[in-house]
Amino acid sequence: MTLHQESNRYTITSGDHLVTVRNRKRMDVTSVKEIERFDQEEFYVKTGQGNLLIRGEELKIVHLDVDKGLLTLEGNVKQLQYDDDENGLTKGFLHKLFG
């Protein structure tokens, strides 16, 4: 990943995946392909680097730009987990429901 600084702004090379968490209260994610499902406690997000599970409390979408693959969340971020398996998050969710 290459960051290019332009004055006080940084640009991210297209396609690169970056996660930024600020004080566990705000989170920016790049290279977002799809949000499979979400509620106030869990987000299942497909990114360019695999599936990302975000857990926390009072999570909400502040900004979503599907064309650019940008997602900003606010809330109390407690856990981030990647799963490289294409069906990994879905299997985990179904496994929770049906054991």
Side-chain angles (χ1 to χ4, degrees):
M1 172 176 54
T2 305
L3 293 176
H4 303 283
Q5 184 176 9
E6 299 169 6
S7 66
N8 290 334
R9 298 183 74 181
Y10 288 91
T11 58
I12 302 163
T13 305
S14 180
D16 283 348
H17 175 60
L18 182 68
V19 175
T20 306
V21 180
R22 290 177 232 149
N23 299 319
R24 294 180 58 188
K25 299 293 181 197
R26 187 174 176 101
M27 181 174 171
D28 297 308
V29 184
T30 65
S31 188
V32 172
K33 296 182 177 206
E34 179 181 349
I35 298 175
E36 287 191 8
R37 65 180 92 35
F38 66 94
D39 59 32
Q40 290 185 344
E41 295 178 350
E42 291 185 338
F43 274 71
Y44 292 94
V45 181
K46 285 188 177 184
T47 74
Q49 293 294 309
N51 297 317
L52 174 60
L53 169 61
I54 304 162
R55 287 194 172 131
E57 296 173 343
E58 299 178 16
L59 298 174
K60 63 182 177 182
I61 296 174
V62 174
H63 177 77
L64 176 62
D65 187 330
V66 179
D67 295 330
K68 293 181 181 178
L70 303 175
L71 171 65
T72 300
L73 302 176
E74 283 186 350
N76 186 11
V77 178
K78 292 190 170 198
Q79 179 183 1
L80 303 174
Q81 177 182 337
Y82 283 93
D83 187 348
D84 293 331
D85 183 4
E86 281 296 315
N87 297 316
L89 295 177
T90 305
K91 284 193 293 192
F93 177 73
L94 293 175
H95 182 71
K96 277 189 201 177
L97 289 177
F98 302 110

>> Taking Val45 as the starting point, is it possible to reach Phe38 by hopping between hydrophobic residues whose side chains are less than 4.5 Å apart?
In response: yes
> Do other residues, nucleotides or ligands put more than 12 heavy atoms under 6.0 Å from Gln79 CD?
Replying inline: yes
> Between Glu41 and Leu59, is a side-chain contact (heavy atoms from CB on, under 4.5 Å) present by the stated rule, with each step listed?
Replying inline: CA-CA 6 Å; Glu41 295 178 350; Leu59 298 174; 5.9 Å; no
> Is there a side-chain contact between Lys25 and Val77, using heavy atoms and a 4.5 Å cut-off?
Replying inline: no
> Taking atom CG of Leu18 and atom OG of Ser31, what is their separation to the nearest 0.5 Å?
Replying inline: 10.0 Å
>> Testing the basics here: between Asp16 and Thr30, what is the closest heavy-atom pair and its distance to 0.1 Å?
In response: O-OG1, 3.1 Å
>> With rounding to the nearest 0.5 angstrom, report the CG to CG distance, Leu64 to Leu73.
In response: 9.5 Å
>> Under 4.5 Å between side-chain heavy atoms, counting indirect links through other Ile/Leu/Val/Met/Phe/Trp/Tyr residues: same cluster for Val66 and Val62 or not?
In response: no
> Under a single-linkage definition using a 4.5 Å side-chain heavy-atom cutoff for Ile, Leu, Val, Met, Phe, Trp and Tyr, are Met27 and Ile35 assigned to the same hydrophobic cluster?
Replying inline: yes
> How would you list all residue pairs meeting salt bridge (charged side-chain N to carboxylate O under 4.0 Å, His left out) that involve residues 66-82, not counting sequence neighbours?
Replying inline: Arg26-Glu74, Glu57-Lys78
>> Please enumerate all residues that pass side chain to side chain contact (heavy atoms under 4.5 Å, CB included) together with Tyr82, with sequence neighbours excluded.
In response: His17, Val19, Thr47, Leu52
> Glu34: what forms a side chain to side chain contact (heavy atoms under 4.5 Å, CB included) with it, not counting sequence neighbours?
Replying inline: Glu36, Lys46
> Just how far is it from atom CG of Leu53 to atom OH of Tyr44, taken to the nearest 0.5 Å?
Replying inline: 5.5 Å
> Given side chains that start at C-beta, do those of Phe43 and Ile61 come closer than 4.5 Å, heavy atoms only?
Replying inline: yes
